[in-house]
Amino acid sequence: MTDRPAAQREELVLAERHGGVLLLTLHRPERLNAWTNALEDAYYGTLLEADADPDVRAIVVTGAGRGFCAGADMDDLAGVGEATDEQIDRPHPRHLPLTLRTPLVAAVNGAAAGLGMVEALYADVRFASPRAVFLTAFAQRGLVAEYGMAWLLPRLVGHGRASDLLLSGRRVDGEEAARIGLVEHLVPADELVERAVAYAQGLAASCSPWSMATIKTQLLLDAERGFAESVRSADTLMRESFRGSDVAEGVASFTERRPPVFAPLTKEI
């Protein structure tokens, strides 16, 4: 867990509960929520706390003001050439959001550039408004496809489109992002956060936390496994689900025509 005091973290990441959903807002609006080590510590620390809270069944992340996250803060990046490996390394792996068992939904309200685009791709589901702007920007800064983007992006949009976006660094608006599969839901700007939270509330109210956590792991592992191995793993997990209480509750709630009451996920960090 981060050592940053909670009061200081709240200045950089605002947290608001909506029932079983935790809405997080990256909060450096004067810099389009550009990424710093302090923002990373605040965001990742809050994510870990949420993932350990059995009452939080889904998380939504968005940005304050006009941007989602404009990438690395240029003031920090200016001196990176002199940084040692020890200074570059961070307390948590950058792909930490991918390791959460709680579903993470991104509501991309504006610029998601470079590292900000990576953070959007780390979400399980992406909402965007037409005002959203995605750009990789790495090649335009003399950088590489950082933090797994060269693995993630082709799986969303295909190899050719990923090459286009990574090599050119061109701007992709919300409508194109939806058309090429970069985001799953395109919604009006004034409804963006509300719609993303409503979607997350649907997950929280209707879906088994154990099932969602397990499916997230399957999706991540199966990206590198063959079909036969995926089937064998799914068969083992299916038998495990049969012995759990959630299957009985899921069937009972359906036949009794009532909302399900699934047990919270016991979470350990």
Side-chain angles (χ1 to χ4, degrees), residues 12 26 28-44 47 61-63 65-99 104 106-129 131-184 220 223-224:
L12 294 173
L26 306 180
R28 298 187 72 219
E30 73 286 354
R31 301 283 288 184
L32 295 179
N33 308 309
W35 197 264
T36 64
N37 287 347
L39 177 60
E40 178 179 313
D41 290 343
Y43 179 45
Y44 285 6
L47 286 178
V61 60
T62 191
R66 297 182 297 109
F68 177 75
C69 175
D73 192 297
M74 287 296 108
D75 290 345
D76 288 357
L77 197 59
V80 73
E82 287 74 42
T84 65
D85 287 346
E86 290 74 16
Q87 291 171 322
I88 293 171
D89 292 339
R90 303 292 302 137
H92 301 295
R94 184 56 56 74
H95 67 279
L96 182 144
L98 286 177
T99 71
L104 177 63
V108 183
N109 55 305
L115 183 50
M117 183 169 168
V118 173
E119 291 300 325
L121 297 189
Y122 284 160
D124 299 299
V125 178
R126 281 157 293 281
F127 283 67
S129 81
R131 298 176 187 172
V133 176
F134 296 86
L135 60 156
T136 62
F138 297 123
Q140 296 172 340
R141 304 289 180 268
L143 299 169
V144 300
E146 296 177 345
Y147 306 115
M149 184 180 274
W151 187 92
L152 288 164
L153 195 56
R155 285 165 170 77
L156 289 172
V157 302
H159 181 86
R161 285 194 174 112
S163 296
D164 168 31
L165 299 183
L166 286 167
L167 294 175
S168 71
R170 68 179 181 83
R171 297 163 62 93
V172 174
D173 63 22
E175 292 185 355
E176 182 181 359
R179 188 170 66 251
I180 66 176
L182 190 57
V183 303
E184 288 70 45
L220 191 60
E224 292 297 297

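Index from 1, following the sequence.
Counting heavy-atom neighbours within 6.0 Å of R155 CZ, excluding the residue itself, gives a total above 12.
Nearest heavy-atom pair, V157 versus I180, reported as atom, atom and distance to 0.1 Å: CG1-O, 3.5 Å. A145 approaches F138 most closely through the heavy-atom pair CA-CD1, 3.9 Å. Looking at every heavy atom in both residues, R94 comes nearest to Y122 through O-CE1, 3.1 Å.
Between the OH atom of Y147 and the CG atom of L98 there is a distance of 14.0 Å, given to the nearest 0.5 Å. Separation of atoms CG (L156) and CD (E184) is listed at 7.0 Å; rounding is to 0.5 Å. Rounding to the nearest 0.5 Å places CG of L12 at 6.0 Å from OG1 of T36. With rounding to the nearest 0.5 Å, the separation of CG in N37 from CH2 in W35 is 10.0 Å.
By the 4.5 Å heavy-atom criterion applied to side chains, L182 and L153 are counted as neighbours. Looking at heavy atoms from C-beta onward, M149 lies in side-chain contact with L166 at the 4.5 angstrom threshold. Within the 4.5 Å cutoff, the side chain of Y43 has heavy atoms near those of the V61 side chain. For the pair L220 and H95, the minimum side-chain heavy-atom distance is 4.5 Å or more.
Remark: D164 pairs with R170 by the salt bridge (charged side-chain N to carboxylate O under 4.0 Å, His left out) rule, at least two apart or across chains. Residues meeting the side-chain contact (heavy atoms from CB on, under 4.5 Å) test with A139, sequence neighbours left out: none.
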Verify salt bridge (charged side-chain N to carboxylate O under 4.0 Å, His left out) between R28 and E40, making sure each step is shown before the conclusion. CA-CA 12 Å; R28 298 187 72 219; E40 178 179 313; over 6 Å; no

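A salt bridge does not link R171 with E176: every distance from a Lys NZ or Arg NE/NH1/NH2 to an Asp or Glu carboxylate oxygen is 4.0 Å or more.
In this structure, the side chain of N109 engages the main chain of G65 through a donor-acceptor pair within 3.5 Å.
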Please list, one pair per line, the donor and acceptor atoms closer than 3.5 Å that link side chains of residues 113-120 to other protein atoms, with sequence neighbours excluded.
{"unit_1": "E119", "atom_1": "OE2", "unit_2": "Y44", "atom_2": "OH", "d": "2.8"}

